[in-house]
Amino acid sequence: MAICFCLFTPWLLTRPAFLSLFDFSDKGQIGDTIGGITAPFIGIVSICLLISTLNEQILFNKQQASDNTISQILNMQTAIIQMDERFSYTYLENSGDCKSGEGISSLALVSVSGSNYYTYKIEIRQARFILSQLSVFTDLCKCYAALIKKAERKEEAYSSFLSSYQITLSEFLECVSTKNIIVGNTLDNASDDNNPSEIEAIKKDAKRILELVKTL
């Protein structure tokens, strides 16, 4: 539309006019006159196009950022799930038999077996190994929670992803830090009485990780 107007203007402005106000035939160089008249219109059109282009660029950048955030969230979920699948440990039944646990959810076997008497026990060596794994796992979950908060994602699938992990970890770490489920390493012929300071250190470490879990 603007281009057509500019092309039509030279012919229009060189026609005889009914009013002297619109008669430009004696205004010197008609090109300068036409340029002076059409320049503001062309400038306005250019500004409008520039604003439209900038708005489209902003919308594209926002969409790209949103897509990148979703990709990061999904990648973080995958990393958490993979670490959960690799998580493994051993524990002792009351009979003395050694059993294997796999996955974060299996920690419920140790933490919910009773309020005063726990059927399952964990050796000091395994307790240290479990807490070292959980420390890394909790740090990963904390990064995920921070990403969700920063991205302000409201989708239930994103925000509730850590819920089951948080419950299981809280119960287990609370059990480790307050109950007597840690026993000395049987291979070393050790007992609770022989390793009180080490057991207390494990409980303290469990309490530290528990505080991080509560912030997820």
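Nothing here was measured: the structure is a model prediction, and the numbers come from that model.
Side-chain polar atoms of Gln77 and Tyr144 form a donor-acceptor pair below 3.5 angstrom. In this structure, a donor-acceptor pair under 3.5 Å is present between the side chains of Tyr89 and Ser106.
Note on Ile70: it clusters hydrophobically with Ile81, by side-chain heavy-atom contacts below 4.5 Å among ILVMFWY residues. Cluster membership check: Phe129 does not share its hydrophobic cluster with Ile122, using side-chain heavy-atom separations under 4.5 Å among Ile, Leu, Val, Met, Phe, Trp and Tyr.
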query: Could you walk me through whether Lys203 and Asn180 pass the side chain to side chain contact (heavy atoms under 4.5 Å, CB included) check?
result: CA-CA 10 Å; Lys203 289 184 176 182; Asn180 296 321; 3.2 Å; yes
field: side chain to side chain contact (heavy atoms under 4.5 Å, CB included) assessment of Val136 paired with Met83
entry: CA-CA 9 Å; Val136 177; Met83 190 167 183; 3.3 Å; yes
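In Gln72, the CD atom is crowded: over 12 heavy atoms of neighbouring residues, nucleotides or ligands sit closer than 6.0 Å.
Although no hydrogens or angles enter the test, the distance criterion places no donor-acceptor pair under 3.5 Å between the side chain of Asp84 and the main chain of Gly103. A donor-acceptor distance shorter than 3.5 angstrom exists from the side chain of Asn75 to the backbone of Ser71, with no hydrogens or angles considered. No donor-acceptor pair closer than 3.5 Å links the side chain of Glu102 to the backbone N or O of Phe87. Using modelled atom types, no side-chain atom of Lys142 and backbone atom of Phe137 make a donor-acceptor pair closer than 3.5 Å. Between the side chain of Ser170 and the backbone N or O of Gln166, at least one donor-acceptor pair lies under 3.5 Å.
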Residues 208-216 side chain polar contacts: donor-acceptor under 3.5 Å, at least two apart:
from	atom 1	to	atom 2	distance (Å)
Arg208	NE	Asp205	OD1	3.0
Arg208	NH2	Asp205	OD1	2.7
Thr215	OG1	Leu212	O	2.5

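If you take CG on Leu107 and OH on Tyr120, they are separated by 13.0 Å, rounding to the nearest 0.5 Å. For the atom pair Lys204 NZ and Ser177 OG, the distance stands at 13.0 Å (nearest 0.5 Å).
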